[in-house]
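For reference, the structure discussed in these notes is given below.
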Amino acid sequence: MFLHNLPFISIFHKCKTIKQFKEAHSQLVIRGLNHPPASLRPIISFSALDPSGDTNYAILLLLFRTCLASPVFLFNTVIRGLARSHGRGTFAPSSLLVLNRMAELNLTPNNFTFTFLFQGCSNFCTFDLGRQFHGMLVKNSLEMDVFIRNSVIQFYSVCGEMDDARRVFDESDEIDVVSWNSMINGYARNGHMSEALDMFDKMPKRNNVSWNSVLGALTKFGFLDDAYRLFVEMPRRSLVSWVVMISGCAQNGRPKEALALFREMLSLQQEPNSAILVSVLSACSHLGALHHGNWVYAYIEQKHVKIDSILSAALIDLYAKCGIIDLAMQVFGSTKKKCVSTYTAAISGLAMNGRSKEALQLFEAMKAEGISPDSISYIAVLSACSHEGWVDKGFHYFNSMSDVCGIKPELDHYACMVDLLGRAGLLEEAERFVASMPIKPDSAIWGALLGACRVHGNAEMGQRVGNLLIHSDQNHDGHYILLSNIYAESMKGEDAEEVRKTMRKRKVKRVPGYSLIELDGVVHEFLAGDRSHEKTGKVYHAWDEIVSEIKKFGYNAETRGVVFDVEEEEKETLVGYHSEKLALAFGFMSTKPGSLIRIVKNIRICSDCHSAFKLISKVFRRKIAVRDRKRYHHFEDGHCSCMDYW
DNA sequence: ATAGGGTTAG
């Protein structure tokens, strides 16, 4: 490079990376060229703003080489850089350093300076610092333009100080649509829905952002029906609106609606982005809707959508949750850039499908790759141990969490351990484990223990834990049912009925057990004793035929847990017509002999269904895959992949 | 230069 022939500013002209900038800069220094500080402007801006930049370098140059032309602009640039992500952790001290230097040089911060300062305070939630800046503004009686004012409102909203945000809003005579939207967002973000809606009603002119903010708040808090009404009413739906609506449904237990919206979106020629595809895949996973999922996968390939590590995790989860673990692992293998989520999806998929040994091997492989496990990957590992009854291994991993990885176990991890001990029949140890917890056990922990009490028939502990639970967490239907079953199974029919009565008296909403089966791209749903399906007569007939066949091979209906009196309409929900049995019968009459049947269930499979399905798989030579709340049961030739441990 | 969405793995 003929540096001496070039004007100083052009030296940086061709630089594209921070490395090249630094190289060029060092050339300047090495050759001792007497360059004016103004020539450093390009490298300061680049270091401050480019994602690959180096804010510390920018500060260094700025602090020691100042006296530049139009310097306030450059100071603002550096603060703007600090306010963005790569200033993380050092925003407060660095911005103060820069401000001090400005003061030394007698430079006055302007509107831009403050806008960026508040942006930084919002991004890093440095409340005290932001307050100080606000004080500086007032003290210097700096004229607040609409940009600063909105950044102050934004700052207070993010910090959860809505009263302060409101004061700034109310005291201004110049308010624009952004100010209104910032207030609405702030209220919504902090859970004050009625205030958000009130402002939405009052604002003089709404734009897309206003509508989407309210929409987002409604779906975030689970008011999906209201959200949908708003969605229909909206003057214009942007891509953001679709993302909010579809991910809202997918995350709030409305997967069917998510799929319906997705179809509507496509029919309107609106192109989905990858966030939507991930949500849709997640909805398919929940439903076990393999046809839909396959269609989405085909769409992704046809449109050449980039399969990043998140989209890949969603695909792996889809196939794992549809019981096709080999295909899930194929997707895993073909994913170039894997992140901890990609691995975790594969680990839990393997464990869910009865291949826990490989799950743990994959966990080790991930660590060997240099990818650090996070708290969710530990959940996957602990539940793998739990599926197999590997108590020692479970404790090994549980201890290594904090010892090796520095991850503090949370309630979910403790719940896994209680589940692990409880299912292995170590009920006393499980109870002692709960007693030794450093954090207060929640109802999920006690629920895990209660579940184990039922499985192992420990009536004494079951009653104790169950009564504690229905007292402390009164709206959870499952606890009443478990406790009542525990009573019933220890021949205490009256106590069982009493629990049911309490449940009715408290108007606890019962979420029914259901089973889903997908046929030709349509997801069919069955409840226990359900008679709403259009082919219901044939379905019941088909099941009765199946039963008479397997009875010849020794099937005896188990009636454990149904000895207590139930109301007339509940009688039909007895074990004999559990939802998975109806779904299976429907599958039998609608598919070719010998083909695989896949069923997805929202609660755990009962032991009667389990033994019936084992026999069916042998007698009718059918592979049956049932996904229950916890895991997969792959039935084949009289056996189940869970080895009867679940 | 100010405001909105973001998905995944238990």
Side-chain angles (χ1 to χ4, degrees), chain A residues 73 76-77 79-80 83 110-119 122 144-155 157-158 175-186 188-189 206-217 219-220 238-248 250-251 258 272-283 285 308-318 320-321 328 332 338-349 351-352 366 373-384 386 410-413 415-416 419 444 629-631:
Chain A
F73 179 88
N76 289 348
T77 306
I79 293 176
R80 185 173 152 213
N110 62 17
N111 289 348
F112 288 79
T113 323
F114 278 103
T115 303
F116 298 139
L117 285 173
F118 286 116
Q119 253 176 49
S122 303
M144 270 221 231
D145 71 7
V146 73
F147 286 100
I148 306 191
R149 192 159 32 243
N150 290 340
S151 63
V152 176
I153 292 175
Q154 174 72 3
F155 159 69
S157 308
V158 165
I175 287 294
D176 66 0
V177 65
V178 176
S179 328
W180 283 95
N181 288 345
S182 301
M183 288 301 296
I184 291 174
N185 251 317
R189 195 196 307 253
R206 301 176 190 130
N207 63 10
N208 236 322
V209 175
S210 333
W211 285 91
N212 286 335
S213 301
V214 175
L215 189 68
T219 52
K220 193 174 137 205
S238 64
L239 184 62
V240 173
S241 327
W242 289 100
V243 172
V244 169
M245 214 46 227
I246 292 177
S247 66
Q251 285 170 62
N273 63 3
S274 98
I276 289 182
L277 294 171
V278 171
S279 291
V280 170
L281 284 172
S282 156
S285 306
D308 61 14
S309 54
I310 302 280
L311 197 49
S312 153
L315 283 167
I316 293 167
D317 189 50
L318 168 76
K321 289 228 172 86
F332 176 81
K338 304 181 178 86
C339 68
V340 63
S341 308
T342 325
Y343 272 96
T344 307
I347 292 168
S348 61
M352 190 193 304
M366 175 180 87
D374 63 6
S375 96
I376 298 180
S377 34
Y378 268 106
I379 302 265
V381 166
L382 296 180
S383 61
S386 176
E410 294 157 42
L411 279 169
D412 290 342
H413 301 101
C416 284
D419 187 57
R629 193 186 189 79
K630 290 264 175 192
R631 62 174 299 159

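Predicted, not measured: the structure shown is a model, and the values here were computed from it. Reminder, nothing fancy here: chain letters follow the sequence lines and each chain counts from 1. Scope of the values below: all heavy atoms of this structure, side chains included, with no hydrogens, waters or symmetry mates.
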(request) Classify the side-chain pair A/S238/A/S241 by whether it contains a donor and acceptor separated by less than 3.5 Å. (result) yes
(request) Kindly write out the residues that satisfy ring-ring contact (aromatic ring centres under 6.0 Å, His included) with A/Y343, not counting sequence neighbours, or none if the list is empty. (result) A/F332
(request) Would you give the length of the straight line joining atom NE2 of A/H413 to atom CD1 of A/I376, rounded to the nearest 0.5 angstrom? (result) 8.0 Å
(message) I'd like to compare against my own output: the B/S/- annotation of nucleotides 2-9 of chain B with a strict under-4.0 Å heavy-atom distance to protein.
(response) BBBBBBBB
(message) Tell me if a side-chain donor or acceptor on A/N207 pairs with a main-chain N or O of A/S210 at a distance below 3.5 Å.
(response) yes
(message) Donor-acceptor check, side chain of A/T342 to backbone of A/S309, threshold 3.5 angstrom: yes or no?
(response) yes
